[in-house]
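Structure, as structure tokens:
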Number of protein chains: 4
Amino acid sequence: MNTHSYFGGHRPGGAVISQKERNKAKYHLILEAAVKVFAQQGFFQSTISQIAREAGVADGTIYLYFKNKDDILLQFFGYKTKQVFHSFREEVDKADSARDKLWNLIRRHLEEFQNDKNMAVVYQAEARSNSRLVERQLQEMSKMYLDITAEIIEQGQEEGQIRKDLYVSLVKRFILGAVDEVINTWVLSGGKYDLVSMAEPLVDLIFRGIGSGGAPEGQVLLQAGQTP
Amino acid sequence: MNTHSYFGGHRPGGAVISQKERNKAKYHLILEAAVKVFAQQGFFQSTISQIAREAGVADGTIYLYFKNKDDILLQFFGYKTKQVFHSFREEVDKADSARDKLWNLIRRHLEEFQNDKNMAVVYQAEARSNSRLVERQLQEMSKMYLDITAEIIEQGQEEGQIRKDLYVSLVKRFILGAVDEVINTWVLSGGKYDLVSMAEPLVDLIFRGIGSGGAPEGQVLLQAGQTP
Amino acid sequence: MNTHSYFGGHRPGGAVISQKERNKAKYHLILEAAVKVFAQQGFFQSTISQIAREAGVADGTIYLYFKNKDDILLQFFGYKTKQVFHSFREEVDKADSARDKLWNLIRRHLEEFQNDKNMAVVYQAEARSNSRLVERQLQEMSKMYLDITAEIIEQGQEEGQIRKDLYVSLVKRFILGAVDEVINTWVLSGGKYDLVSMAEPLVDLIFRGIGSGGAPEGQVLLQAGQTP
Amino acid sequence: MNTHSYFGGHRPGGAVISQKERNKAKYHLILEAAVKVFAQQGFFQSTISQIAREAGVADGTIYLYFKNKDDILLQFFGYKTKQVFHSFREEVDKADSARDKLWNLIRRHLEEFQNDKNMAVVYQAEARSNSRLVERQLQEMSKMYLDITAEIIEQGQEEGQIRKDLYVSLVKRFILGAVDEVINTWVLSGGKYDLVSMAEPLVDLIFRGIGSGGAPEGQVLLQAGQTP
DNA sequence: CATGAATGAGCCTTCATTCAT
DNA sequence: AATGAATGAAGGCTCATTCAT
């Protein structure tokens with residue numbers, strides 16, 4: 001279920017492959033190939049010919065499934081938006097406490113990216129690229145992520161697990177950024193180590209911070225109590 | 001002093017502008033123009049002609065100062081590597097405690113990027129782009145940043161301000177990522193609000209985390225003490 | 001059968017033109033066009049656009065058949081090397097005596113160049129151009145020619161038709177040069193007269209020289225005998 | 001007196017170098033440099049900058065002495081036309097018999113080219129280049145050479161040294177071509193051996209031909225008489 | 001006269017896209 | 001639906017030539 005997992009169509013039964021399914025299969029075939037090529041060379045340095053060769057189809061065939069080159073990237077992000085959204089939401093809903101929800105979110109986040117390195121690379125690379133191309137898709141994805149995070153934070157605050165004096169719009173970015181950078185480092189390292197094992201210490205850091213007993217000012221009493 | 005600040009040569013006195021200085025001036029002029037164009041359109045979608053027009057020179061002139069298009073981006077990152085390295089190091093050295101050092105680092109980081117939005121945009125956009133072009137420059141910059149951060153963390157651990165049970169190589173990326181994402185958000189927002197004001201809550205988050213009294217397990221006592 | 005003779009594929013039967021043949025046809029079409037343009041303007045002053053226009057294809061099409069502009073010239077010489085080699089060798093082998101072989105060689109040489117003036121022009125023009133481009137191809141062609149000539153001379157010496165006191169490496173160049181210059185003159189004249197008719201007097205000159213009875217010294221007796 | 005010989009101004013006396021002479025000196029300096037560069041790279045692949053660097057002047061300076069790049073080649077050939085014409089004529093006039101005149105012509109020809117290899121290379125390379133650029137100059141040079149040769153032949157015919165049944169317009173080209181090719185071979189060899197030593201065997205070949213006793217047909221008597 | 005920075009026209013080459021088969 | 005040859009617009013880069021100093 002490695003690099004192909006996210007395009008995988010759970011084709012359940014049917015002995016005969018319908019025309020529609022064959023089309024869908026080729027659509028995904030090309031999309032996968034494109035992502036692989038994009039991952040290796042970046043979007044702008046990839047050519048339609050390379051993608052076609054990788055997919056084992058003719059150049060022209062690509063235009064039967066995609067409007068143009070941009071559309072491939074667009075479709076990729078569009079597809080992922082929905083897919084990842086469901087995956088994250090699903091996982092978050094499995095937990096009850098804010099801490100567990102955050103934990104589930106981050107773990108699933110790392111899992112998804114670890115399971116599809118090409119996707120991870122393309123996401124990391126193109127997400128910040130200031131081509132207006134995929135802007136909207138990315139905003140959606142990002143918003144979804146930040147919304148889930150904000151939800152968790154608010155729930156945690158109600159439940160008392162999370163500080164109430166937080167600048168929520170900062171915190172949610174702080175969390176996304178931390179996770180993102182950890183993924184980025186893993187990608188740049190060539191994906192050699194186990195990314196998911198970073199989940200626990202990450203959540204720990206997010207909750208406890210790096211301070212030995214909280215922030216210095218205004219918490220003297222606490223600190224005193226902490227290290228008797 | 002906005003977009004031009006980092007290339008700005010405060011040519012102090014001299015009545016006559018020497019040829020050499022004019023050359024240096026034009027070099028920076030083109031570099032600035034290029035960064036501006038890159039910021040608007042991304043590296044690959046920018047053309048030499050656009051850069052030339054922006055700089056107010058002929059296309060061919062660019063090749064008197066840069067080997068080729070790639071070289072412009074390379075020079076940009078090369079220049080920034082050194083410049084930012086000194087700026088950060090300088091600021092960190094001004095403080096004594098680990099917390100103050102981190103605070104200075106982050107504040108300066110945000111200042112530098114706020115003062116030169118084009119640089120910020122290009123940096124955010126191209127830093128993750130998987131073109132092997134600027135890979136080495138970026139690794140250097142990143143390493144420098146992470147090294148400073150690691151230094152601070154270790155000092156803080158010795159001084160007791162920072163937890164000793166930290167996975168340092170994770171923490172430093174966690175910090176960089178958090179700062180980075182905050183900048184990224186600011187960039188994508190169009191740079192409308194004051195980025196530097198994020199420094200304080202960021203440092204607070206990094207030190208204290210988001211937990212209301214630290215991590216849940218094994219800190220029940222603390223939590224009790226915190227909310228009497 | 002003029003300018004196109006040497007690329008001409010006498011496609012004999014076949015009702016349908018296969019893709020492969022169409023490709024070969026277009027390859028030759030472009031090569032012919034290129035040679036024509038090169039003949040008119042010289043290699044360096046010819047542009048890809050001119051060649052494309054002459055061939056009736058788009059600029060980009062040329063790059064489907066040739067690696068780059070240099071490659072066109074290279075292919076031209078490579079093609080001719082083989083083709084002319086066979087033609088010359090074939091003709092030489094038809095004769096028995098050294099004199100007849102030389103006669104056949106020179107006649108065929110003049111025929112080939114007369115039948116394809118563009119080729120002749122390009123050959124004359126680029127053969128001496130000191131671009132290292134086609135150096136190797138030309139050396140091959142030249143060597144082939146000189147080798148055939150040397151062979152003939154040696155055979156003639158054995159058979160007693162040719163003087164034995166010759167500096168063979170000079171003679172073969174002397175012959176090539178004489179033929180070459182005659183072609184060159186014809187080319188510069190615009191190819192108006194019949195080049196092949198030069199073959200006989202050329203061979204006569206090569207065999208008899210211009211002297212009225214051989215070299216002056218040591219041949220006084222002969223001269224006396226010659227003009228009674 | 002090697003590579004610079006042909007531009008050498010025998011500046012006879014005068015202690016002070018006049019402005020005019022300084023100009024002339026620089027003119028020749030540039031011309032020499034250009035010829036050297038042309039010899040190495042060919043006309044079209046040489047740049048003004050390379051010539052300027054070779055001459056030790058600024059690019060712009062070249063335009064004070066030459067109208068444009070073409071003009072440099074033009075001037076080169078123009079200069080040579082006159083210079084070589086005089087040299088050849090002078091040498092031919094020193095001899096009386098047709099054979100000696102031809103001998104002197106060819107020897108001087110080889111000497112001039114051997115003494116200035118760069119000139120030889122450029123001449124060989126550009127003389128045949130079908131750029132209409134130097135066409136006229138070359139025609140002049142060629143005509144001059146052919147005229148001298150024709151003169152010699154006619155004189156020889158009158159004096160009985162040379163056959164009367166010759167196609168003169170062919171013979172003169174035959175001679176030029178043979179000499180030319182010998183020079184060309186020497187140039188391509190890198191100019192390592194003594195070119196002038198080729199003069200004697202060349203003249204011998206031209207007069208006697210390669211036949212062992214003249215042309216086969218109709219010369220049986222001669223042959224008989226020749227080898228008694 | 002000399003300089004060399006600046007210019008910009010022009011060329012080679014790439015590659016997304018089309019379309020006849 | 002699939003192909004891949006053909007297209008031609010676009011862009012990076014070179015270099016002859018100019019001109020202010």
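Throughout, protein chains are lettered first and strands after them, A, B, ... in sequence-line order, and every chain is numbered starting at 1.
E126(B) places none of its side-chain heavy atoms less than 4.5 Å from the side chain of F76(B). Looking only at side-chain heavy atoms (C-beta outward), K26(B) and T61(B) come within less than 4.5 Å of each other. In this structure, V122(A) and L73(A) have side chains that are in contact, with non-hydrogen atoms separated by less than 4.5 Å. By the 4.5 Å heavy-atom criterion applied to side chains, I48(C) and Y63(C) are counted as neighbours.
Counting only heavy atoms from C-beta on, Y63(D) has its side chain closest to dA16(F) among dA16(F), dT17(E), dC12(E). In this structure, the nucleotide among dA16(F), dA6(F), dA2(F) sitting nearest to the side chain of L64(A) is dA2(F). Of the candidates dA5(E), dT17(E), dA2(E), the closest approach to any side-chain atom of I48(A) belongs to dT17(E).
Crowding of K36(C) atom NZ: a count of heavy atoms from other residues, nucleotides or ligands under 6.0 Å not exceeding 12.
Residue F43(B) contributes atom CZ, which lies 11 Å from atom C1' of dG12(F) at whole-angstrom precision. Between the C1' atom of dC15(F) and the CD atom of Q41(D) lies a distance of 14 Å, rounded to the nearest Å. Rounding to whole angstrom units, OH of residue Y65(C) and C1' of dG4(F) are separated by 10 Å. Here dC1(E) presents its P atom at 11 Å from CD1 of I30(D), a figure rounded to the nearest Å. Rounded to whole Å, atom P of dC12(E) lies 12 Å from atom CD of Q45(C). Put simply, NZ on K26(D) is 8 Å from C1' on dC1(E), counting in whole angstrom units. Between the CD1 atom of I62(D) and the C1' atom of dC19(F) there is a distance of 16 Å, rounded to whole Å. As a whole-Å value, the separation of I72(D) CD1 from dC15(F) C1' is 13 Å.
A donor and an acceptor atom, one from each side chain of Q50(C) and Q41(C), are located under 3.5 Å apart.
For Y65(A) and H28(A), the gap between ring centers reaches or exceeds 6.0 Å. Between F43(A) and F44(B), the ring centre distance reaches or exceeds 6.0 Å.
Place G60(D) and K67(A) on DNA chain E by their nearest nucleotides, and G60(D) ends up nearer the 5' end. For the pair D70(B) and F44(D), both in contact range of DNA chain F, the more 5′-proximal nearest nucleotide belongs to D70(B).
Applying a 4.0 Å cut-off to non-hydrogen atoms, none of the residues of residues 50-59 of chain D approaches DNA chain F.
Between Y27(A) and F66(A), the two ring planes are parallel [angle under 30°; tilted spans 30° to 60°].
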Applying the Watson-Crick and G-U criteria (both distances under 3.5 angstrom) with [ ] for crossing and | for other-strand pairs, one obtains for DNA chain E .||||||||||||||||||||

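Contact annotation: T47(C) does not reach the phosphate of dC11(E) (side-chain N/O to OP1 or OP2, under 4.0 Å).
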